[in-house]
Amino acid sequence: MTRKVYLVGAGPGDPGLITVKGLKLIQQADVILYDRLIPMELLGETRPDAECVDVGKLPTKHRLSQDEINRLLIEYARQDKLVVRLKGGDPFVFGRGGEEALACYEAGIPFEVVPGISSAIAVPAYAGVPVTQRNTASAFTVFTGHEDPTKPESSIDYTALAAAARLGTLVLLMGVSQLPEITARLLAEGIAPDTEAICIEWGTTPKQRTVEGTLATLPEKVQAAKIQSPALTVIGAVVGLRAMGLDWLNT
Ligand code: SAH
């Protein structure tokens, strides 16, 4: 017998931001394989006899390789266990959920995806920044500043990214250390230096910190504030709405 593997999004950090379906699965699971960025409070919802396995990855040190995680998922499912693979935010947004789903498919293991609230939209929201706004931003582009280090050269097309910035909002995930390089490339593409920008660390959690500036000033401010992962950066006019009354968390 083989049970299903559930790829579940745990939401961005606030434990209240998990779906009803995701929470029910956590409560039923035999095994939970979880990441570093999930709200740890959710593990308090598991059955007393459930096995909770930390497969979390630190930015510099991988505790388990992706192949090892895939193998574990498959092994547990073949033991007729209800497996929940609990991932921060949404499993399919820079979460390697697609790779894990493919591994299940190739091994003949049935799986389901339970989407989660991605940090890409929820973290800006908790900082009072809507990623779209009528007449201000008619698109938002989520991109990563941390690419596969084995790639020979950056696959980010900065000309395309600058075009996206003219259309709307940019949301940068995993890019705190690359922020000076990324903002310099956008400035070189002609994006206005006074474009509003904000970096948000540990968004939606009690540890949330924000640093606000412009495309030109943000990297230095972020460095001075010692902002570290997990953090994301929002670039665009929507950031200005925060100061116009949308910073609901601090009011
Ligand atoms: N699947 C996740 C993203 C995984 S990539 C999702 O949908 O949210 C991890 C990156 O997400 C981090 O490096 C950071 O840029 C961002 N991130 C995740 N949680 C965050 C949080 N609470 N605050 C700020 N950024 C966060």
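Note that the structure is a prediction, hence the values are computed from the model and not measured. The analysis underlying the following values was restricted to heavy atoms, covering all of them including side chains, and did not include hydrogens, waters or symmetry mates. Whatever order the structure lists ligands and atoms in, that order sets their numbers, starting from 1.
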Student: Could you walk me through whether Glu51 and Tyr76 pass the side-chain contact (heavy atoms from CB on, under 4.5 Å) check?
Tutor: CA-CA 11 Å; Glu51 196 179 335; Tyr76 280 121; 2.7 Å; yes
Student: Check the pair Arg36, Asp54 against salt bridge (Lys or Arg N to Asp or Glu O under 4.0 Å), reporting the backbone distance first and the verdict last.
Tutor: CA-CA 8 Å; Arg36 180 178 76 99; Asp54 178 3; over 6 Å; no
Student: At less than 3.5 Å, what protein N or O atoms come close to the N or O atoms of ligand 1? Include the distances to 0.1 Å.
Tutor:
from: ligand 1; atom 1: 1 (N); to: Gly88; atom 2: O; distance (Å): 3.0
from: ligand 1; atom 1: 1 (N); to: Asp90; atom 2: O; distance (Å): 2.8
from: ligand 1; atom 1: 1 (N); to: Val93; atom 2: O; distance (Å): 2.6
from: ligand 1; atom 1: 7 (O); to: Asp90; atom 2: N; distance (Å): 2.9
from: ligand 1; atom 1: 7 (O); to: Ser118; atom 2: OG; distance (Å): 2.8
from: ligand 1; atom 1: 8 (O); to: Ser119; atom 2: N; distance (Å): 2.8
from: ligand 1; atom 1: 8 (O); to: Ser119; atom 2: OG; distance (Å): 2.7
from: ligand 1; atom 1: 15 (O); to: Met174; atom 2: N; distance (Å): 2.8
from: ligand 1; atom 1: 15 (O); to: Ala231; atom 2: O; distance (Å): 2.6
from: ligand 1; atom 1: 17 (N); to: Ser119; atom 2: OG; distance (Å): 3.3
from: ligand 1; atom 1: 22 (N); to: Pro12; atom 2: O; distance (Å): 3.0
from: ligand 1; atom 1: 22 (N); to: Gly203; atom 2: N; distance (Å): 3.4
from: ligand 1; atom 1: 22 (N); to: Gly203; atom 2: O; distance (Å): 2.9
from: ligand 1; atom 1: 23 (N); to: Gly203; atom 2: N; distance (Å): 2.8

Student: Pick out which of Asp247, Thr205, Asp14 makes a side-chain hydrogen bond (donor to acceptor under 3.5 Å, both in side chains) with Tyr126.
Tutor: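 Single side-chain hydrogen bond (donor to acceptor under 3.5 Å, both in side chains) partner of Tyr126 among Asp247, Thr205, Asp14: Asp14.
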Student: Is there side-chain contact between Phe111 and Ile109, with at least one heavy-atom pair below 4.5 Å?
Tutor: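 No. Closest side-chain heavy atoms not under 4.5 Å.
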Student: Taking side chain as C-beta onward, heavy atoms only, is Val8 less than 4.5 Å from Tyr34?
Tutor: no
Student: Is the shortest side-chain heavy-atom distance between Leu86 and Asp35 below 4.5 Å?
Tutor: no
